[in-house]
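See below for the structure under consideration.
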Amino acid sequence: MGKRKRRSFQPTGNQQETRLQQATSNAEGASPVVSPPRKNSFKMLLGSICLVAFFLRLLNLLQTFELPTVVQLMGDARGYVDWAQQIASGQWYGTQTFYQAPLYPYTLALLIKGLSAGTFGLRFFQIILGTLSVGLLGLAGRHIFNRRVGVIAAVMYALYPPAIYYDGIIQKTALASFLLCLLLGECAYLSRRASKRHSLYAGITLGLLVLTRENALLWVPVIPIWMALRIPAQRVTKTWIVISYGLGLAVVLFPVAARNASLGGEWSPTTFQAGPNFYIGNNLQSNGLYRPLVPGHETPKYERADAQRLAEQDTGRELTSRQVSRYWFEKSFDEIQEDPVRWIQLLMIKSLMVINRFEVPDVESMRVYRDFSITLRVIAPLWHFGILCPLAVWGVLVTRKQWRRLSLFYAFTLVMTAAVIGFFILGRYRQPLAPLLILFAAGGLPILLEMFRTKAWAQYRLPIAMTTVSLVVCNLPVHDESMLNASSYMNAGIASGMNGELRDSIDYLLNAIEAEPALAEAYANLGRAYEQSNESEKAMRCYQQALLVDPLLEPVDTWLGSLYESMGAKPEAMTSYRQALEKNPADEFARQRLERLSN
């Protein structure tokens, strides 16, 4: 009878929530215990939150569909869609080893081939993934903590502006976030109940995540260690659970490794770009942000070719994809050894960048999208990484007695943070941290609200102090935000020019230069826009200013040579073409023009 009474006392409750409320009551005096919402209520509430998440993402999509970089895709977005179109046209196997993560372009190819999806259709698919991510994160919060925390986590992610922004741009971030939230849900379920089926699903999900976000490969050994130590099951059951996980992982990654081996003679379950990316983030001139190996070559069109060409020039022999990656790793370590103190300082700077409120842009910027999207314009100033990270610190500290259940999520967070710091910083690269931090923040928020209600400050001195310090640190002006935002406006100007909207292009580029006068690329592209507008004198001055700011910038000498040639200034044109070839001997346009003028 005693056992029956204990079971009937909590028929729909969560043991974890009861412990949390009891701990709060004991620490702060008698306080009422609120019954958790019923199971059906949780489902209805979570579904309502998902509808809100979908509406916000759809509104953002509709308000930004005429943005220049959406109409004219650039950078990685252009590269992914071009790759997807090649796949959809029949090149499913490909001819080279993977240099970039393949799952996202293959997913786009399925949508293009099966649904004839254009840019709008691809973005719409991603907001569906983003909506599902909200629900999955809510379920993860429920299994890790309780239903109330699950609801809070879902609300936080539904309203999180960077998530709304990344779900609406053609990048792999939306797919990676969905797979991560799915993985968190599987692992949260396994933390409560041993299941070979869910372990298999977790392996498959992580394998797919690795094919989307390569640094997730570092999580591969973390999960089986956690399974062996923390899953509530007998030793034999744990063994089968680990085997199921490994089988799921192998089902996804082995075919990719075999494909790479068939094309390049080398086995790799992912890609071969780790070496160049590590060098970009750790060389003697690195500032922690992305800088291409060759100035002006920021697109996938050049990245692989430049990495291989420079490595083979230095070694004097042909190199395989793995050897190219190894070359850049070795070059990185050589430069680190030259000045280890500077490298340690760089790691400290990158550590601050990872936790900073600012979303470091790539080609596109959330700042530019805010000019078009009321969703981002209203929410972004109030709810950003500079608020999320301190709330997560609070959550980690006040839930630390549950460390056994949370150990896997600690490990996920620490490993991913180290992986981002180890390379270079972009906002979309650190986005996998957001769902993890939201789980901790949501876990601690009920206690934070209870503390404010009861004014029990003294019992939370350490969490209050650490949260306050993190609030200050996370909102320090670490980045050169004017430069980074100027780059985004410059890209909008380039896209406008490619769309034939030259006046809009010039306006965007002038705004970029006004925000950051030292942005050489903006002068170069402004010169291009002026040249296409038949304003040759303005174009020439812009090209000259670009080379004054950055003498190594390509292909400005080629553009200037072509302009001189059209103006009848033959000696100046030949000089510019020679300078272009000194910087890049592979510039065939400059070579052909110089040969023609020489004859």
Side-chain angles (χ1 to χ4, degrees), residues 10-24 33-57 129-160 163-164 177-193 195 198 201-202 205 230 232 383 387-388 391-392 394-396 398-410 412-413 432-450:
Q10 298 176 355
T12 60
N14 283 274
Q15 195 174 27
Q16 180 54 46
E17 182 174 63
T18 303
R19 288 200 196 101
L20 178 64
Q21 291 170 339
Q22 288 175 348
T24 305
V33 176
V34 181
S35 298
R38 290 175 300 177
K39 186 174 182 180
N40 289 338
S41 299
F42 172 78
K43 289 181 178 179
M44 292 177 62
L45 193 53
L46 188 60
S48 300
I49 295 167
C50 288
L51 286 176
V52 172
F54 177 78
F55 172 77
L56 293 174
R57 284 155 175 76
L129 289 182
T131 302
L132 293 174
S133 299
V134 169
L136 290 168
L137 195 62
L139 291 173
R142 173 194 174 187
H143 286 300
I144 298 170
F145 291 100
N146 54 62
R147 294 186 183 117
R148 181 175 291 105
V149 171
V151 168
I152 294 171
V155 170
M156 283 182 161
Y157 200 55
L159 299 177
Y160 189 55
I164 296 172
S177 297
F178 167 74
L179 292 170
L180 173 57
C181 291
L182 181 58
L183 178 65
L184 294 177
E186 295 290 352
C187 291
Y189 183 89
L190 287 168
S191 70
R192 287 185 173 271
R193 186 177 303 170
S195 168
H198 283 274
Y201 294 161
T205 304
R230 294 297 170 208
W383 178 220
I387 302 298
L388 171 58
L391 285 177
W394 167 269
V396 168
V398 298
T399 61
R400 60 188 181 276
K401 291 183 179 179
Q402 304 168 50
W403 66 270
R404 288 179 177 84
R405 175 173 294 173
L406 298 173
S407 57
L408 176 65
F409 308 99
Y410 295 151
F412 275 174
T413 304
L433 292 174
L436 290 162
L437 296 184
I438 282 175
L439 288 176
F440 292 122
L445 192 58
I447 300 175
L448 179 65
L449 297 176
E450 184 68 16

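Both backbone and side-chain heavy atoms feed into the values below; hydrogens, waters and symmetry mates do not.
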### Message
Apply side chain to side chain contact (heavy atoms under 4.5 Å, CB included) to residues Phe42 and Leu139 and explain how you reach the verdict.
### Response
CA-CA 10 Å; Phe42 172 78; Leu139 291 173; 3.9 Å; yes
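To the nearest 0.5 Å, atom OG of residue Ser195 and atom OH of residue Tyr201 are 8.0 Å apart. How far CG of Leu136 is from OG of Ser177: 11.5 Å, rounded to the nearest 0.5 Å. Atom CG of Leu408 sits about 11.0 Å away from atom CZ of Arg230, to the nearest 0.5 Å. Put simply, CD1 on Ile438 and CG on Leu445 are 11.5 Å apart, with the number rounded to the nearest 0.5 Å. One distance of note links NZ of Lys43 with CZ of Arg142; it measures 7.5 Å at 0.5 Å rounding.
With sequence neighbours left out, the ring-ring contact (aromatic ring centres under 6.0 Å, His included) criterion links Tyr410 to Phe440. Applying the side-chain contact (heavy atoms from CB on, under 4.5 Å) rule to Ala158 yields the partners Ile49, Ala53, Val134; only residues at least two apart in sequence or on another chain are considered. Under the side-chain hydrogen bond (donor to acceptor under 3.5 Å, both in side chains) criterion, Tyr189 pairs with Arg193, not counting sequence neighbours. Residues meeting the side-chain contact (heavy atoms from CB on, under 4.5 Å) test with Ser48, sequence neighbours left out: none. Every residue two or more places apart in sequence or in another chain was checked for a ring-ring contact (aromatic ring centres under 6.0 Å, His included) with Phe178, and none qualifies. Checked against ring-ring contact (aromatic ring centres under 6.0 Å, His included), Phe412 has the following partners two or more places apart in sequence or in another chain: Trp219.
Under the side chain to side chain contact (heavy atoms under 4.5 Å, CB included) rule, Thr413 has a single partner from Leu406, Leu436, Leu439, which is Leu436.
Smallest separation of non-hydrogen atoms from Leu46 and Gly135: CD2-O, 3.7 Å. The two residues Ala202 and Leu190 have their closest heavy-atom pair at CB-CD1, 4.4 Å. The two residues Leu137 and Leu184 come nearest to each other via the heavy atoms CD1-CD1, 4.0 Å. Contact record, Trp394 with Gly444: NE1-O, 2.9 Å, taken as the closest heavy-atom pair. Scanning all heavy atoms of the two residues, the minimum distance from Ala442 to Ala153 falls at CB-N, 3.6 Å. Closest approach of Ala140 and Ala188 over heavy atoms only: O-CB, 3.7 Å.
Looking at Met156 and Leu391, their side chains come closer than 4.5 Å, going by heavy atoms from C-beta outward. Side-chain contact check for Leu388 versus Tyr157: every heavy-atom pair is 4.5 Å or farther apart.
Looking at Arg405, its side chain never comes within 3.5 Å of a backbone N or O of Ser191 through a donor-acceptor pair.
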